[in-house]
Amino acid sequence: ALCHDLEHPGVSSVFLGKASADLSGAYKTTHLEKHHAHRALELMVDTNVGLLAGLSATRYWAFRNDVYRCILATDIQRHSEYIASASALVDALAEDPAAEVDTKL
């Protein structure tokens, strides 16, 4: 939650794409969310901050993937996709509570 809108310019990804803004050129989709995630991790690994200094390479990459996944999940343009995935998960578990299902949305 802390980083999901880091350096937000106050306009939507759709607006940035239509305006050909700098951020839309840097990322093909989910312009703002990718920027928020990139900058958050950039700050976390900064030697003056040292927030991730104690992590092994394996734990760092797992953490990095989680940060990206969580921040990218805040893209409102993909909201209906996430709702459909969550609904399918709920339906699958309602049908068979012991079923092995992919719980990553």
Side-chain angles (χ1 to χ4, degrees):
L2 182 64
C3 299
H4 90 278
D5 273 342
L6 183 63
E7 294 183 345
H8 199 292
V11 296
S12 70
S13 287
V14 173
F15 177 87
L16 289 175
K18 288 180 179 177
S20 299
D22 289 342
L23 280 180
S24 69
Y27 311 102
K28 291 182 187 242
T29 60
T30 61
H31 314 298
L32 291 174
E33 289 73 19
K34 286 182 181 175
H35 174 74
H36 303 320
H38 177 79
R39 284 293 291 138
L41 286 162
E42 199 171 62
L43 291 170
M44 289 182 215
V45 299
D46 184 291
T47 55
N48 292 320
V49 177
L51 185 65
L52 307 179
L55 296 181
S56 68
T58 302
R59 294 197 74 146
Y60 165 78
W61 285 104
F63 177 79
R64 181 187 179 281
N65 289 338
D66 288 343
V67 168
Y68 267 91
R69 199 172 69 250
C70 289
I71 292 176
L72 293 180
T74 67
D75 184 356
I76 195 66
Q77 290 179 302
R78 298 187 65 198
H79 180 73
S80 58
E81 175 188 334
Y82 295 131
I83 294 298
S85 294
S87 294
L89 175 62
V90 168
D91 292 345
L93 290 173
E95 188 174 309
D96 181 5
E100 289 192 29
V101 293
D102 183 6
T103 57
K104 290 185 180 177
L105 299 176

Which donor-acceptor pairs under 3.5 Å do the side chains of residues 44-56 make with protein atoms, sequence neighbours left out?
from  : atom 1 : to    : atom 2 : distance (Å)
Asp46 : OD1    : Asn48 : N      : 2.6
Ser56 : OG     : Arg59 : N      : 3.2

Quick check for you: to the nearest 0.5 Å, what is the distance between Lys34 atom NZ and Ile71 atom CD1?
13.0 Å
Under the rule for side chain to side chain contact (heavy atoms under 4.5 Å, CB included), what residues qualify as partners of Glu81, not counting sequence neighbours?
Arg78
Supply the atom-to-atom distance Trp61 CH2 to Asp66 CG, rounded to the nearest 0.5 angstrom.
13.0 Å
Drop me the distance from His38's NE2 to Leu43's CG, to the nearest 0.5 angstrom.
9.5 Å
